[in-house]
Amino acid sequence: MVEERYDPKKIEPKWQAHWAENNLFRTEKDASRKKFYCLEMFPYPSGRIHMGHVRNYAIGDVIARYKRMRGFNVLHPMGWDAFGLPAENAAIKHGVHPSQWTYENISYMKGQLNKLGLSYDWDREVATCNPEYYTWNQWFFLRMYEKGLAYRKSSYVNWCPSCATVLANEQVIDLKCWRCDSVVVQKQLDQWFLKITHYAEELLQACDELTGWPEKVVTMQKNWIGKSYGLEADFAVEGTEDVIRIYTTRADTLFGATFVCLSPPHPLSSKLVADRAELAKVTALYGKAEEKIGLFTGCYCINPVNGERLPVYIANFVLMEYGTGAIMSVPAHDQRDFEFAQKYGIPIRKVIAPEGETSRPEAVEAYEDDGILINSGPYSGLKSSEARERISEEMETKGKGTKKVNFKLRDWGISRQRYWGTPIPVIYCSACGIVPVPDKDLPVILPQDVRFTGKGGSPLAESSSFVSVVCPQCGGPARRETDTMDTFVDSSWYFIAYCLGKGKVRFDGGRLPHPDLDYWMPVDQYIGGVEHAVLHLLYSRFFTRVIRDLGIISQGEPFTNLLTQGMVIKDGAKMSKSKGNVVDPDYLINRYGSDTSRLFSLFAAPPEKDLDWSDKGVEGAFRFLSRIWSLVYRNLGALSQASSRGVSDAAGLSDEGRALVRKAHQTIKKVTLDIEREYHFNTAIAALMELVNEMNGFMPKDAGDMNVLRFCLETTLLLLSPFTPHIAEELWSALENRPGTSAQVWPSWSEGLAREDEIELVIQINGKVRAKLMVPAGLPEEELKALALNDRKTAEFLGGKAVKKVIAVQGRLVNIVA
RNA sequence: GCGAGAGUGGCGGAACUGGCAGACGCGCUGGACUUAGGAUCCAGUGGGCAACCGUAGGGGUUCGACUCCCCUCUCUCGCACCA
């Protein structure tokens with residue numbers, strides 16, 4: 001029974017239950033069918049979903065449902081990025097255990113996702129805070145440790161003195177701690193690192209194969225990896241045995257070096273500077289962008305290319321982490337060096353002249369481009385590019401330097417002084433040193449006896465039952481690592497876990513590469529926010545390669561196609577709690593239903609662009625669905641007597657009927673191509689609206705017309721079903737068809753039936769539209785020209801002028817040049 | 001500063017490889033039905049009385065430019081001392 005009014009509350013829960021009871025979206029590996037792995041970035045279980053999730057998951061669901069109707073074996077899973085700071089903060093603030101807080105949130109949010117009618121295979125759900133999941137973080141860590149890909153070293157980190165803990169970069173806001181507002185300092189600490197730089201070259205090379213990714217994201221990845229070709233050269237410190245090794249990409253400017261700078265943490269800095277207090281001043285400003293300061297060491301070093309004596313400075317702007325931690329400074333050709341030289345009165349010597357430039361005005365800034373060498377001994381007159389090569393070779397021959405490729409990419413520091421993360425599976429023994437936890441003792445489970453105070457560093461350190469262990473090697477007393485892993489580790493392989501299914505995630509033993517992984521991977525379509533353009537996506541590319549090199553999987557590239565959806569904007573700003581401009585999905589679903597919520601977020605903008613929220617637009621989406629509803633309701637009696645069979649090859653239709661059938665076929669074509677072409681759902685939905693508008697204006701006069709209407713309605717419902725699955729199912733079943741839309745095949749169009757038999761020929765005179773003429777479609781150009789020239793209005797506008805040229809475009813227009 | 005992208009009605013947005021600019025939706029105007037309508041339906045809707053003018057601005061290529069080329073402006077987003 002179809003009610004008169006469209007009431008989503010009455011139909012949506014019914015169909016959600018139907019899908020769940022019949023396990024319609026459960027997927028099994030089936031080697032005989034072509035697979036499609038459709039994945040949306042899993043959410044952090046913060047408590048409730050927001051409109052960004054609705055948009056992200058609506059996009060993914062349309063793709064998954066569409067691909068199913070196209071016959072693919074579709075894997076469409078969902079899970080939870082469940083470790084993270086908010087859970088721990090909730091524990092500090094409200095005394096709820098992070099685990100309880102997280103699982104309660106998951107339960108609520110899972111309900112919200114189901115209310116949206118998303119077609120997930122929940123049998124594959126993962127929560128990263130589950131020991132069955134994070135044990136594999138530990139297992140991968142141990143494998144990497146064995147291969148030297150996980151190691152411990154001392155490094156600078158953001159340290160909040162008040163909270164006594166390390167902060168991630170994104171938790172430092174304007175150089176201050178996001179929680180207590182105290183100034184963050186750089187502190188040297190022992191940290192665990194994953195050697196992502198081992199894959200730097202491959203990660204960079206493979207960027208060129210990411211043809212299904214937005215160029216912007218690929219570029220960001222390339223820049224982040226930051227490969228550069230240069231020279232390492234040795235500058236001997238005068239009167240000592242010490243040598244300063246510098247790195248430069250501009251060997252062609254070697255003759256222009258007038259001083260050398262060391263990074264404050266450079267080992268030679270403290271050796272060359274006697275005055276600790278002065279050195280401390282520079283060190284205090286290390287890494288601060290505002291001001292360049294330096295300290296003359298009193299020492300000189302020798303330029304290997306010409307034997308010149310150059311002063312050695314300590315400079316706060318020189319990074320220890322990049323290159324060698326020391327640079328040669330060429331103020332004439334590097335803006336930073338230029339400013340520094342001016343400040344400290346160091347000479348500036350030009351060694352590169354812009355090509356073709358004769359006069360040389362007094363420099364007010366550095367000339368950083370390539371050019372022709374001057375003042376450079378035997379190299380004067382050469383081009384920069386050639387000089388770089390030749391000077392580097394000379395340095396190598398003389399044993400004073402080495403050509404060197406450098407990367408900006410640094411190894412990934414994963415240690416976090418937090419509770420709610422994966423324990424790093426390592427034991428420290430005073431006798432044996434660092435001892436990895438044996439596989440048989442995995443997982444190292446988070447202890448329950450921890451108090452959350454928000455102070456005093458790693459919470460795990462407070463649990464004596466956790467910290468005190470027996471050394472697996474010597475049996476003596478030992479101490480467990482109390483840091484946990486960065487939560488980005490969890491999300492670096494979850495898409496691989498989905499392929500195996502709940503309770504089946506394991507990577508040791510069995511046939512390798514794992515047959516299920518080889519069937520499902522890589523992800524065919526990944527959808528998520530662009531904020532992960534570098535971090536998560538780069539880490540995942542790294543992890544997938546590590547897993548490949550363990551033999552578990554064959555391919556190293558995880559995501560074939562990537563769609564980065566735009567933000568949801570309201571009142572000119574990104575929707576966010578802090579801005580107070582959020583729209584609550586629960587409210588929206590209650591008031592308009594999930595079909596309307598989905599439809600609006602798909603219709604208002606193409607997926608990759610920002611979406612401007614509009615309450616009125618939502619109502620428009622609801623009205624559209626209501627119109628379809630009442631169209632079926634109004635005609636239900638007659639429609640149930642009608643049959644869509646035969647409509648598509650029928651002669652004997654009324655003119656109006658034929659026109660509507662044509663429109664339907666055109667709509668099938670447009671919707672299909674719009675989805676295939678960059679997922680432009682907004683124009684696909686617009687086409688469906690056009691078809692519905694035409695159906696609304698269609699007055700069936702006989703049984704044949706009613707057959708046409710039924711055909712067009714069925715077509716509309718099928719085309720609509722990926723976007724608004726509930727109403728499609730409901731009306732489909734109201735027309736007494738079985739089974740449901742999601743088991744149906746995507747409609748196909750006939751070019752013949754879609755073709756117009758008449759076109760409106762536009763007649764232009766000198767490029768301006770002067771007349772329009774209905775003519776039969778498919779006329780050859782010559783006939784179009786003749787028709788245009790003979791038109792009454794043409795003569796009128798020509799006013800007797802001679803026709804110079806006539807251009808005809810088949811099926812479109814004729815332009816008469818006079 | 002470097003890198004990427006975008007500027008189209010009152011608004012969100014259409015326009016495939018150059019071919020009727022403004023599809024579709026919102027809003028607005030008028031009308032119908034109503035005790036009433038912020039419900040629904042119908043019609044209209046870039047500007048201008050007009051010729052004409054209109055896709056950020058200025059040049060260019062072309063029979064023809066939102067689309068291609070050059071210059072300028074504005075905005076958004078990344079990365080920002082990577083030597």
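Chain A is the first sequence line, chain B the second, and so forth, proteins listed ahead of strands; every chain is numbered from 1.
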Q: In whole Å, I'd like the distance from the CD1 atom of A:I569 to the P atom of B:C11.
A: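 That distance rounds to 17 Å.
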Q: Give the nucleotide from the list B:A23, B:A83, B:C81 with an atom nearest to the side chain of A:N316.
A: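 Out of B:A23, B:A83, B:C81, the nucleotide with an atom closest to A:N316's side chain is B:C81.
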Q: Each nucleotide N or O in nucleotides 50-55 of chain B that has a protein N or O under 3.5 Å away: list the pair and distance.
A:
unit_1: B:C52; atom_1: OP1; unit_2: A:R770; atom_2: NH2; d: 3.3

Q: Would you call A:D234 and A:K400 a salt bridge, using N to O less than 4.0 angstrom?
A: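 A:K400 and A:D234: not salt-bridged.
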Q: Taking the same atom, P, in B:G47 and in B:U55, what whole-Å distance lies between them?
A: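 Looking at atom P only, B:G47 and B:U55 are 15 Å apart.
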Q: Can you give me the closest heavy-atom contact between A:E694 and A:L660, atom names plus distance?
A: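 Taking every non-hydrogen atom into account, CB-CD1, 3.9 Å.
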Q: State whether A:N766 places a side-chain N or O below 4.0 Å from either non-bridging phosphate oxygen (OP1 or OP2) of B:G64.
A: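 No, A:N766 has no side-chain N/O under 4.0 Å of OP1/OP2 on B:G64.
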Q: What does the list of N/O pairs under 3.5 Å between the protein and nucleotides 18-22 of chain B look like, with a distance for each?
A:
unit_1: B:C20; atom_1: O2; unit_2: A:K772; atom_2: NZ; d: 2.5
unit_1: B:C20; atom_1: N3; unit_2: A:E760; atom_2: OE1; d: 3.3
unit_1: B:C20; atom_1: N4; unit_2: A:E760; atom_2: OE1; d: 3.4

Q: Does a side-chain N or O from A:R677 land closer than 4.0 Å to OP1 or OP2 of B:A15, or not?
A: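 Affirmative; the distance criterion is met.
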Q: Look at the side chain of A:W224 and decide which nucleotide, out of B:G3, B:A80, B:A83, has an atom nearest to it.
A: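 Shortest atom-to-atom distance from the side chain points to B:A80.
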Q: A:L537 has an atom CG; how far is it from atom C1' of B:G78, in whole Å?
A: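 From A:L537 CG to B:G78 C1': 14 Å.
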Q: Does B:G5 have its OP1 or OP2 closer than 4.0 Å to a side-chain nitrogen or oxygen of A:K216?
A: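 For B:G5, OP1/OP2 do not have a side-chain N/O of A:K216 under 4.0 Å.
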Q: Checking all strands, does A:N693 fall into the base, sugar-phosphate, or nothing category for heavy-atom contacts under 4.0 angstrom?
A: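 Sugar-phosphate, no base atom in range.
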Q: In terms of side-chain heavy atoms of A:K408, which of B:C24, B:G12, B:C79 is nearest?
A: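 For the A:K408 side chain, the nearest candidate turns out to be B:C79.
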Q: With distance as the sole criterion, is a donor-acceptor pair present between the side chains of A:S392 and A:Y229 under 3.5 Å?
A: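 A:Y229 and A:S392 do not have a side-chain donor-acceptor pair below 3.5 Å.
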Q: Looking at CE of A:M51 and CH2 of A:W613, how far apart are the two atoms once the value is rounded to the nearest 0.5 Å?
A: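 Nearest 0.5 Å value for the CE-CH2 distance: 3.5 Å.
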Q: Is there a donor-acceptor pair closer than 3.5 Å between any side-chain N or O of A:S329 and the backbone N or O of A:D337?
A: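 Checking the backbone N and O of A:D337 against the side chain of A:S329, no donor-acceptor pair under 3.5 Å is found.
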Q: Would you call A:E308 and A:R349 a salt bridge, taking side-chain N to carboxylate O under 4.0 Å as the test?
A: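 A:R349 and A:E308: salt-bridged.
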Q: Between B:G22 and B:C79, how far apart are the P atoms? Round to whole Å, please.
A: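 My reading of the P atoms in B:C79 and B:G22 gives 41 Å.
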Q: Does either side chain, that of A:T724 or that of A:D595, offer a donor lying less than 3.5 Å from an acceptor on the other one?
A: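 Distance-only check fails for A:T724 and A:D595.
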Q: Where the side chain of A:N682 is defined as all heavy atoms beyond and including C-beta, which of B:A14, B:G25, B:A83 is the nearest nucleotide?
A: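 Looking only at heavy atoms from C-beta outward on A:N682, the closest nucleotide is B:A14.
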Q: Is it true that A:E215 and A:K222 have a side-chain N and a carboxylate O under 4.0 angstrom from each other?
A: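 No, A:E215 and A:K222 are not salt-bridged.
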Q: So that I can compare with my own list, what are the stems of RNA chain B, taken as at least three consecutive Watson-Crick or G-U pairs with distances under 3.5 Å?
A: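 So the stems come out as B:1-7 with B:73-79, B:10-12 with B:24-26, B:27-32 with B:40-45, B:56-60 with B:68-72.
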Q: Tell me which residues in residues 598-610 of chain A lie within less than 4.0 Å of RNA chain B, going by non-hydrogen atoms.
A: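 Hits under 4.0 Å, by residue number: A:F603, A:A604, A:P606, A:D610.
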Q: Protein-nucleotides 38-43 of chain B N/O pairs closer than 3.5 Å?
A:
none

Q: If you go through the side-chain atoms of A:K804, does one of them form a donor-acceptor pair with the base of B:C63 closer than 3.5 Å?
A: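 By the distance-only test, no, there is no pair.
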Q: Which residues within residues 323-331 of chain A lie with some heavy atom under 4.0 Å of an atom in RNA chain B?
A: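 Contacting residues: A:I327.
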Q: Between A:K793 and A:E796, is there a side-chain N and carboxylate O pair less than 4.0 Å apart?
A: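 Answer for the salt bridge query: no.
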Q: Does the pair A:D252/A:R250 count as a salt bridge with the N-to-O cut at 4.0 Å?
A: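 Salt bridge between A:D252 and A:R250, a charged N being under 4.0 Å from a carboxylate O: yes.
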Q: Measure the acute angle between the ring planes of A:W629 and A:Y6, then classify it against the limits of 30° and 60° as parallel, tilted or perpendicular.
A: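 Taking A:Y6 first and then A:W629, their aromatic rings sit tilted (interplane angle of 30° to 60°).
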